[in-house]
Amino acid sequence: MKTIIGKTASAAVLILAAGLASPSFAQSASQDDAASLDDVIVTAQRREQSLQDVPIAITAFNAETLERTAATGIQDVAAKAPGVTLTQFNIGEPQLYIRGVGTTSDSAASDPSIGVSIDEVSIGRAGGSSLAFLDIERVEVLRGPQGTLYGRNASGGALNIYTNKPKFEDTTMALLRYGSFNEWGGEAVINRMMGETSAARLAVRVNSNDGYAENVPSGRGLEGGRQYGARLSLSSQNGAWSLLGQVDVSRDRMDGHARIPVTAAGTAPAFVTLINSLRTGLDVRQSYSSPDNYQDRDNWGALVRVGYEAEAFDVVSLTSYRDNEYGWRDNLGGLPFPNFPLMVDDRATEDASQFSQEFRLVSKPDSPVSWVAGLYYFSEDVDRSERFIVQAALPIAPPSFGGDTTFNQTAQNTSYAAFGQATIPFASIWELTLGARWTHDERDIHQVALDNENGANPPVGIPLGPTGQPYNVRANAEFEEPTWKIALAVEPFDNVRLYASYDRGYKAGSFASGAQTAAQAGTPLRSELLDNYELGLKSTIMDGRLRFNAAAFKLEYDDLQVYELLGLNLVTSNAQAEVNGYEIESAFAVSNTITIGGSYTSLDAKYTSNAVSGASVLPYNGLTLPRSPDSQYTLYADGEWDMWGGALAARVDYQWTDDIFFDPSNNPEVRSPAHSLVSAYASWEAANGVKIAVYGKNLGDTEYQQHIIKNVGVGFSVFGPPRSYGIAVSRSF
């Protein structure tokens, strides 16, 4: 059934595209010459270009789209981009995957596989990237390795967030919001000129909700909380010099997860009966997870961007510092103990700071050869501690297997890089892009595993024991690799561009967290290498009314870093993998007021080898990579009209995601079934700048899993929000 639905969706998108391009439709389309799609400008190659000119599979969301999809963070953007999935273990560990490439590692000495940047600053820790959107100009999602321009932690792709910069005008915007689960919030943006050459911009945000889930039996809310954020930007232009200074701060005080046990075909019948009896009368958003669960985060950063327009090229210096502190407590079972014979209380804290410096030289816009070259330095200090308090009983484990253990990590991660890329036009319709980067990474780590009971109740408690022992290990490692990009593009017809590319991606080796032995703690996993071969089409036809883009790709993974929980013990390894797939994106201006569009992704993401962890062979060969749905598709309709003395806008989005697995085992309990989500938005803005907007998310009230941890044949899951609504009132002046 899954295959039929996926193939049907694929055929539907292709038929729609063919129909739009057919002579009969083209004839009717010509009756409305005013209708056309807006050109989309991106900076994916570190300079301004039309999206249709970039030989990269890229999706861009501007401020208008973000507003009309009620996007509040990267989780809303990821869901609407082809080939992208985002799940979240907790506030500090969003798990972003593109084309089957991603990671679940939380180690202080590891990198994400998908590069996330905010205003061109690469975010070293995943917990520093999943911030609430505040005064966002656009978001770009780049698929495939971006190792040349974005570095070591963009082996699978990049997600780039750009905030609004100060403008040379005096404007103010204020917004109030109220919605389901007693959600309320507000935003304000103040932009002011400061003389003829300078401007300032202040954006603030506050949001609070009671949570869409609850603890049983107290009735206290889970999955809610409070968020605060602010950003101050100062900009100055003085002749050939430009200066941007920016400081931002955010604070999250969120309730914890409501974790739910979900049984599967392989779950022991006794556990199925027990879980069903304990959860009689409860829905998937009612949990026995502790009401004392929490997810807290404090994040701040500063950047200084200096630009100089020389005669032959432009110079950019980007200096940044960021600090991220977070902590959480999570009951990983969501069931009462000892009624259910296992309880795991997971508590973690992390304090990370990073400094980065980048220098770039960029060619002039009218240069016959477009090029960029630069140097990059990154330094990061991470202190991480995770504590597991475990209570066990038979038949899962004897009480002695419970315990109280802590894993501490102190890491210093440093990276140096030099890079360059050039696009060379030739023979009128051809373009050759060549890029290369050399990256050197260093890691120093101190890992300590503690038995907080000091041997009073042997063996050492899980997840360190019973086979592991406390340790105190210092280790270091160095890694370096060249990465490159080769792309050949041709434009045989106006606004129709074909390209072929070969990209090498690299992710530095890492040390695992939660290791069971000193040997595992002191031995790094090998660096990942990823080769991406891609054929693409970018076209804007029918007098600019139809945009149709497609890409077919093959990814070959060497030494993919793999993490799996076996019981409560973490196993780490390297494995080989291969991903084959294709993506389609289209948009059509039905008239000068209505646009429809959608996307489709097909993935075949498989391990091509087993993996070895210590003395164990992990049978991965032929299994599906985590977070890699066979099919995904989206559809939308967007419109705006002059009505009632103002501007009326409306949008409807539909997205469908195939089954995914949450870890490499592909066990039934870590399978999340296919699901669809529907959202809608409508607004009316008066001539005086007053806007009233209403929106709804998950209008079909779908039950879907955002995260799964497996144990004893049970998938302990976090379910996404149910149907919700909201209203926002704003004024711009």
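By convention here, the first residue in the shown sequence is residue 1.
Defined by atom type and a distance below 3.5 Å, a donor-acceptor pair is missing between the side-chain atoms of Asp135 and Thr163. Residues Ser242 and Tyr308 bring no donor and acceptor atom of their side chains to less than 3.5 Å of each other. Counted by atom type alone, Tyr502 and Asp531 present one or more donor-acceptor pairs between their side chains at under 3.5 Å. No side-chain donor from either of Asp658 and Gln632 sits under 3.5 Å from a side-chain acceptor of the other. Side-chain contact annotation: Gln45 with Gln421, donor-acceptor N/O pair under 3.5 Å present. In this model, a donor atom of one side chain and an acceptor atom of the other lie less than 3.5 Å apart for Thr433 and Thr423. Judged purely by distance below 3.5 Å, without hydrogens or angles, the side chains of Thr593 and Ser591 pair a donor atom with an acceptor atom. For the residue pair Ser110 / Ser105, a side-chain donor-acceptor distance below 3.5 Å is found, with atom types taken as modelled.
Within the 4.5 Å cutoff, the side chain of Asn160 has no heavy atoms near those of the Val139 side chain. Side-chain contact between Val121 and Leu318: present, with at least one pair of heavy atoms (C-beta onward) separated by less than 4.5 Å. The shortest distance between side-chain heavy atoms of Gln357 and Tyr376 does not fall below 4.5 Å. For the pair Pro145/Arg504, no side-chain contact is recorded, criterion being any heavy-atom separation below 4.5 Å from C-beta on. Contact check for Glu431 versus Arg497: side-chain heavy atoms found under the 4.5 Å cut-off. Residues Val141 and Phe61 have side chains in contact (heavy-atom distance under 4.5 Å, counting atoms from C-beta outward). Contact of the Ser379 side chain with the Tyr377 side chain is registered, since non-hydrogen atoms from C-beta on lie closer than 4.5 Å. With contacts defined as side-chain heavy-atom distances shorter than 4.5 Å, the pair Ile74/Ile161 qualifies.
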Could you walk me through whether Thr69 and Asp653 satisfy the side chain to side chain donor-acceptor pair (under 3.5 Å) test, starting with their C-alpha distance in whole Å, then the side-chain angles of each, then the deciding distance to 0.1 Å, before giving a yes or no? CA-CA 8 Å; Thr69 54; Asp653 284 88; 5.9 Å; no
Could you walk me through whether Ser501 and Lys485 satisfy the side chain to side chain donor-acceptor pair (under 3.5 Å) test, starting with their C-alpha distance in whole Å, then the side-chain angles of each, then the deciding distance to 0.1 Å, before giving a yes or no? CA-CA 7 Å; Ser501 64; Lys485 178 181 184 66; 4.7 Å; no
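For the side-chain contact (heavy atoms from CB on, under 4.5 Å) with Leu555, the qualifying choice from Leu530, Asp503, Leu603 is Leu530, the only one to do so. Of the residues Pro482, Ser527, Ser415, the one that meets the side-chain contact (heavy atoms from CB on, under 4.5 Å) test with Thr439 is Ser415.
Between the CG atom of Asn324 and the CG atom of Asn299 there is a distance of 4.5 Å, given to the nearest 0.5 Å.
More than 12 heavy atoms of other residues, nucleotides or ligands lie within 6.0 Å of CG in Asp558, so this atom counts as buried by the packing criterion. Enclosure of atom CZ in Phe493 is not indicated, since only 12 or fewer non-hydrogen atoms of other residues, nucleotides or ligands lie within 6.0 angstrom. Taking a 6.0 Å sphere around CD of Glu169, one finds it holds more than 12 heavy atoms contributed by other residues, nucleotides or ligands.
Taking the six-membered ring wherever Trp is involved, the centroid distance between the rings of Tyr321 and Phe355 does not fall below 6.0 Å.
Under the 4.0 Å criterion applied to side-chain N and carboxylate O atoms, Asp111 and Arg125 are not assigned as salt-bridge partners. Taking a cutoff of 4.0 Å between a charged side-chain nitrogen and a carboxylate oxygen, Arg231 and Asp248 do not qualify as a salt bridge. Using a 4.0 Å cut-off between a side-chain N of Lys or Arg and a carboxylate O of Asp or Glu, Arg68 and Glu640 qualify as a salt bridge.
Note on ring orientation: taking the six-membered ring where Trp is involved, the planes of Tyr582 and Tyr600 are tilted (angle from 30° to 60°). Using a 30° and 60° split on the angle between ring planes, Tyr633 and Trp656 fall in the parallel class, below 30°.
Residue pairs that meet the salt bridge (Lys or Arg N to Asp or Glu O under 4.0 Å) test with at least one member in residues 360-371, sequence neighbours left out, are Glu120-Arg360, Asp314-Lys364, Glu358-Arg360.
Residues forming a side-chain contact (heavy atoms from CB on, under 4.5 Å) with Thr104 (at least two apart in sequence, or on another chain): Gln95, Tyr97, Tyr563, Arg627.
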